[in-house]
Novice: 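First the structure, which I've put down as structure tokens, then a few questions once you've had a look.
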Amino acid sequence: MMRLSESIRKDVLKVGVGSIVNRFKMRKRRDTLFFEDIIASYFEMCEEAGYFNEMKAIAQQWMSGVMKQALPAALKMLSPVFIMNNVMRNVWINLGMMEDIRVSRRDNIVMIKTRNEFVTRVIGVNAFAIGSYKGVLNVFSGLHVEFIGCSEAKRLCTYLFRLDDKPYCCEFKEKELYNRLNHFSGRGGFSLRRALEMNVLQLGENNRLYFRGKSVIFQEQTMFHIIGNSGILLSEVPRISYDYFSDVVQTESDDAEKLVLLKTLLQMMGWGEVSFRREDKCILMEINNPPYGLQLEKDNWEFLIRTVLGYLWLIDDGFRVGDVTVAYKCLRVNYCTWFKKCGKPTSLDL
């Protein structure tokens, strides 16, 4: 099994400033890193609020798109069980997304067994995992898939799905357009390779990456665009982000240091070439070459925008999202302290 460090050294994961291109086993695609606890907390909150089916549908749509566009045509001729056991298993373990996965099939019933899979290892069995596996099976089998049930015991999960006889079809951006939108040649600056050398990120056991003791995971970014377009509980994302960063960022560091850290994190995690500019009571964030998604709907960076807002509450809890400008390969967001909130920040009046 190739280790993550070897993948970077051999350019299987081609890292640059603001970009991570994944060329492991499948057609190349742009990946990003993100904070596992923020993703998991968001999905958990949505499920508890009654959005279980919506979260499952988001994950299913996302993984259907990734598998449809990333899987080489030759592999699509193979059986779903073979692909998952011999191709996807290596991909997911290499990226630290799980420790193991085994898939078996009897007639039209597919059983998936995993160990220590991402998101689930934080919040337990969830709609995100169920929807993701449905999307994978949809594309690999070409059929509709019904979820039967699952069980979890000490981070060992078993999922059961039934393959229907109805053909499954999904539409996404053309791969050429997706590649063109996500292609750029980064300039000088802090990349993932440099982050590992400088110990800003740490590579732990089982190919998992950590930022100050908390897991960061590889994500193809379409999921964030789908979430943004759904609009589900996005007002809660800044609070989740604020709680997360409050645990890992030194509150005594000055504002400039906090902004430098945020810029460094976003760039080395593949979110584009990032800059912050402080003007009076506002902070302007500009991202050149932000990651685009596979979905046919508009590209939507709202999840990232609100995650950044939660981080900026470490500087001033009065920050709110002001003007947002989306141009070709450029995202500009103005965060302003229109009014000062006393005490702890809330998710209201964003």
Novice: Please tell me whether F118 and F128 form a close aromatic pair, meaning their ring centres lie under 6.0 Å apart.
Specialist: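 For F118 and F128, the ring centres are under 6.0 Å apart.
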Novice: Can you tell if the side chain of I217 reaches within under 4.5 Å of the side chain of L209, non-hydrogen atoms only?
Specialist: no
Novice: Between the side chains of N116 and E99, does any donor sit under 3.5 Å from an acceptor?
Specialist: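 Side chains of N116 and E99: pair found under 3.5 Å.
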Novice: What distance do L95 atom CG and D31 atom CG have between them, rounded to the nearest 0.5 Å?
Specialist: 6.5 Å
Novice: Go through K258 and L261 one step at a time and tell me if the side chain to side chain contact (heavy atoms under 4.5 Å, CB included) criterion holds.
Specialist: CA-CA 5 Å; K258 289 187 178 76; L261 175 60; 5.8 Å; no
Novice: Let's test your reading of the model: do C150 and C157 have SG atoms under 2.5 angstrom apart?
Specialist: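 With an SG-SG separation of 2.5 Å or more, C150 and C157 do not form a disulfide.
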Novice: How far does CD of Q61 sit from OG of S230, to the nearest 0.5 angstrom?
Specialist: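 Separation between the atoms: 10.0 Å.
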Novice: Check step by step if side chain to side chain contact (heavy atoms under 4.5 Å, CB included) holds for M198 and T264.
Specialist: CA-CA 12 Å; M198 297 291 292; T264 300; over 6 Å; no
Novice: Does either side chain, that of D323 or that of N334, offer a donor lying less than 3.5 Å from an acceptor on the other one?
Specialist: no
Novice: Side chains of Y133 and I101, heavy atoms from C-beta outward: is any pair under 4.5 Å?
Specialist: yes
Novice: Please check if any side-chain donor atom of S215 sits under 3.5 Å from a side-chain acceptor atom of D37, or the reverse.
Specialist: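 On atom types as modelled, these side chains do not qualify, holding no pair under 3.5 Å.
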Novice: Please answer: with hydrophobic residues joined when any side-chain heavy atoms are less than 4.5 Å apart, are V110 and L78 in the same cluster?
Specialist: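 Yes.
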Novice: Are I283 and D316 packed together at the side-chain level, in the sense that at least one heavy-atom pair is separated by less than 4.5 angstrom?
Specialist: no
Novice: Distance check, rounded to the nearest 0.5 Å: F161 atom CZ versus M111 atom CE?
Specialist: 11.5 Å
Novice: Hey, are T222 and Y178 close enough side-chain-wise for a donor-acceptor pair under 3.5 Å?
Specialist: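 On atom types as modelled, these side chains do not qualify, holding no pair under 3.5 Å.
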Novice: Do you reckon M63 sits in the same ILVMFWY cluster as L160, going by side-chain contacts under 4.5 Å, direct or chained?
Specialist: no
Novice: Measure across H225 and P291 and return the closest heavy-atom pair with its distance rounded to 0.1 Å.
Specialist: NE2-O, 2.9 Å
Novice: By side chain to side chain donor-acceptor pair (under 3.5 Å), which residues pair with E47, not counting sequence neighbours?
Specialist: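 Checked E47 against side chain to side chain donor-acceptor pair (under 3.5 Å); zero matches.
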Novice: Less than 4.5 Å apart, any side-chain heavy atom of S235 and any of R306?
Specialist: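 They are in side-chain contact.
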Novice: Can you see which heavy atom on S241 is nearest to which on T307, and at what distance?
Specialist: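 Nearest pair, atom of S241 first, then T307: OG-O, 2.6 Å.
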Novice: Quick check: closest heavy atoms across D299 and G293, and the distance to 0.1 Å?
Specialist: OD1-N, 2.9 Å
Novice: For V260, what are the other residues in its hydrophobic cluster, where any two members join if their side-chain heavy atoms are less than 4.5 angstrom apart?
Specialist: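 When side chains under 4.5 Å apart are linked, V260 ends up in no cluster with other residues.
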Novice: Find the distance between CD (Q221) and CD1 (I227) and round it off to the nearest 0.5 Å.
Specialist: 12.5 Å
Novice: Could you measure the distance from the CG atom of L265 to the CD atom of Q267? Nearest 0.5 Å is fine.
Specialist: 10.5 Å
Novice: Would a single hydrophobic cluster contain both I112 and I109, if residues Ile, Leu, Val, Met, Phe, Trp and Tyr are joined by side-chain heavy-atom contacts under 4.5 Å?
Specialist: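 Hydrophobic grouping puts I109 apart from I112.
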Novice: Quick one about Q295 and N229 (side-chain donor to acceptor, distance below 3.5 Å, no hydrogens or angles considered), yes or no?
Specialist: no
Novice: For residues R102 and R89, determine if any side-chain heavy atom of one lies less than 4.5 Å from a side-chain heavy atom of the other.
Specialist: yes
Novice: Please tell me whether Q250 and S253 have a donor and an acceptor in their side chains that are separated by less than 3.5 angstrom.
Specialist: no
Novice: Distance check, rounded to the nearest 0.5 Å: K56 atom NZ versus F43 atom CZ?
Specialist: 13.0 Å
Novice: Does V321 reach the side chain of I305, with side-chain heavy atoms less than 4.5 Å apart?
Specialist: yes
Novice: For L181 and K173: C-alpha separation, side-chain torsions, deciding distance, then whether side chain to side chain contact (heavy atoms under 4.5 Å, CB included) applies.
Specialist: CA-CA 11 Å; L181 289 170; K173 282 189 180 82; 4.0 Å; yes
Novice: Under 4.5 Å between any side-chain heavy atoms of V103 and Y159, yes or no?
Specialist: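 They are not in side-chain contact.
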Novice: Applying the 4.5 Å side-chain criterion to the ILVMFWY set and letting contacts propagate, would L137 and Y168 be lumped into a single cluster?
Specialist: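 Unlinked, L137 and Y168 end up in two clusters.
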Novice: Verify side chain to side chain contact (heavy atoms under 4.5 Å, CB included) between F211 and K214, making sure each step is shown before the conclusion.
Specialist: CA-CA 5 Å; F211 170 61; K214 291 183 179 288; 5.7 Å; no
Novice: Would you check if I38 and F245 make a side-chain contact, meaning some heavy-atom pair closer than 4.5 Å?
Specialist: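 A side-chain contact under 4.5 Å exists here.
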Novice: As a test of understanding, state which of I123, V122, I39 forms a side-chain contact (heavy atoms from CB on, under 4.5 Å) with E44.
Specialist: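 Answer after filtering I123, V122, I39: I123.
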Novice: What residue among F35, W301, F224 forms ring-ring contact (aromatic ring centres under 6.0 Å, His included) with W271?
Specialist: F224
Novice: Could you see if W313 belongs to whatever hydrophobic cluster contains V248? Use Ile, Leu, Val, Met, Phe, Trp, Tyr and a side-chain cutoff under 4.5 Å.
Specialist: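 Linked within one cluster.
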Novice: If we ignore angles and hydrogens, is there a donor and acceptor under 3.5 Å between the side chains of N179 and K175?
Specialist: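 Yes, because at least one side-chain N or O of N179 sits under 3.5 Å from a partner of the opposite role on K175.
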Novice: Looking at R208 and E36, is any side-chain nitrogen of the basic one under 4.0 Å from a carboxylate oxygen of the acidic one?
Specialist: yes
